[in-house]
Undergrad: 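Questions regarding the structure given below will be posed in turn.
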Amino acid sequence: MGLVHAEIELINGEDISLSRRHVIGEEEIKSMKVNVLVDSGAVMLCINETIQEQLQLPIVERRKAQLADGSIGEFDIVAPVEIRFKNRRGSCQAIVMPTNNEVLLGCIPMEDMDVVIHPTRNELIVHPDHPYFAQMTMM
């Protein structure tokens, strides 16, 4: 299986809350569409500093993380980030990687949105067993 990329929308979750309370208008919600590397071996959503700055996502903590090359670094964690893909949405934290690193969509937000990697088409799809709504497994 080769690399899988998908276009998703990232949205500042605090802006959504402010809009629901009529503090800001819907047009003031910061969002952007990004092309992500879908990586089921990664755990979380990983964004870069540029995206964090543009969406003005608040830092909630710093955490150590082991990278694919085995090195350990300390990174900012931002939240809440809303993710949208096709008819799915999810809310999560994101690790902020330095500079303009590629955005990674990990397995936790994928599970939350109930999306899977289609093995022969090498693309991200909504779960074929429940295409109209996300379904969680609670066992």
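Count residues from 1 along the sequence.
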Undergrad: What's the shortest heavy-atom distance between Val126 and Lys86, and which atoms?
TA: CG1-CB, 4.2 Å
Undergrad: Is there side-chain contact between Gln52 and Ile59, with heavy atoms separated by less than 4.5 Å?
TA: yes
Undergrad: Can you find a pair of side-chain heavy atoms, one from Val116 and one from Ile125, that are under 4.5 Å apart?
TA: yes
Undergrad: Given the rule that I, L, V, M, F, W and Y join up when any side-chain heavy atoms are under 4.5 Å apart, are Ile11 and Ile83 in one cluster?
TA: no
Undergrad: Do Ile77 and Ile47 belong to the same hydrophobic cluster, where Ile, Leu, Val, Met, Phe, Trp and Tyr are linked whenever their side-chain heavy atoms lie under 4.5 Å apart, directly or via other members?
TA: no
Undergrad: Taking side chain to side chain contact (heavy atoms under 4.5 Å, CB included) as the test, write out the residues that go with Gln66, two or more places apart.
TA: Ile72
Undergrad: Are Val43 and Leu67 connected in a single hydrophobic cluster, I mean Ile/Leu/Val/Met/Phe/Trp/Tyr linked by side-chain heavy atoms less than 4.5 Å apart?
TA: yes
Undergrad: In sequence, state the C-alpha distance, the side-chain angles, and the governing distance for Leu124 and Met110, and then conclude on side-chain contact (heavy atoms from CB on, under 4.5 Å).
TA: CA-CA 9 Å; Leu124 186 67; Met110 289 171 60; 4.2 Å; yes
Undergrad: Which atom pair, heavy atoms only, marks the closest approach of Arg88 to Phe133?
TA: NH2-O, 3.2 Å
Undergrad: Mind jotting down which residue pairs meet the salt bridge (charged side-chain N to carboxylate O under 4.0 Å, His left out) criterion with at least one end in residues 118-136? Sequence neighbours excluded, please.
TA: Arg121-Glu123
Undergrad: In this structure, would Ile8 and Ile117 fall into the same cluster of hydrophobic residues linked by side-chain contacts under 4.5 Å?
TA: yes
Undergrad: Determine the minimum heavy-atom distance between Glu9 and Ser31, stating which atoms define it.
TA: OE2-OG, 3.3 Å
Undergrad: At what distance, to the nearest 0.5 angstrom, does CZ of Arg84 lie from CE of Met113?
TA: 11.5 Å
Undergrad: Give, for atom CD of Glu49 and atom CD1 of Ile51, the distance between the pair rounded to the nearest 0.5 Å.
TA: 11.0 Å
Undergrad: How many angstroms lie between atom CG of Asp76 and atom CD of Glu61, to the nearest 0.5 angstrom?
TA: 10.0 Å
Undergrad: For the side chain to side chain contact (heavy atoms under 4.5 Å, CB included) test, which of Leu105, Val103, Val38, Leu37 pairs with His5?
TA: Leu37
Undergrad: For Glu74, is the CD atom crowded, meaning more than 12 foreign heavy atoms sit under 6.0 Å from it?
TA: yes
Undergrad: Do you know the tightest heavy-atom contact between Asn87 and Pro131?
TA: ND2-O, 2.9 Å
Undergrad: Closest heavy-atom contact between Val60 and Ala79?
TA: CG1-O, 4.0 Å
Undergrad: Show the nearest heavy-atom pair for residues Leu57 and Pro80, with the distance to one decimal.
TA: CD2-O, 3.8 Å
Undergrad: What about Leu45 and Phe85, same hydrophobic cluster or not, with Ile/Leu/Val/Met/Phe/Trp/Tyr joined at side-chain heavy-atom distances under 4.5 Å?
TA: yes
Undergrad: CD/Glu14 to CD/Gln56 distance, rounded to the nearest 0.5 angstrom?
TA: 10.5 Å
Undergrad: Nearest 0.5 angstrom please: Thr137 OG1 to Asp114 CG, how far?
TA: 7.5 Å
Undergrad: Could you tell me whether Gln93 atom CD has more than 12 heavy atoms of other residues or ligands within 6.0 Å of it?
TA: yes
Undergrad: In Å and rounded to the nearest 0.5 Å, what is the CD to CG distance from Gln54 to Asn48?
TA: 8.5 Å
Undergrad: Within the structure provided, determine whether Val4 and Ser40 are in side-chain contact (heavy-atom separation under 4.5 Å).
TA: no
Undergrad: Using a 4.5 Å cut-off on heavy atoms from C-beta on, say whether the side chain of Met32 contacts that of Leu55.
TA: yes
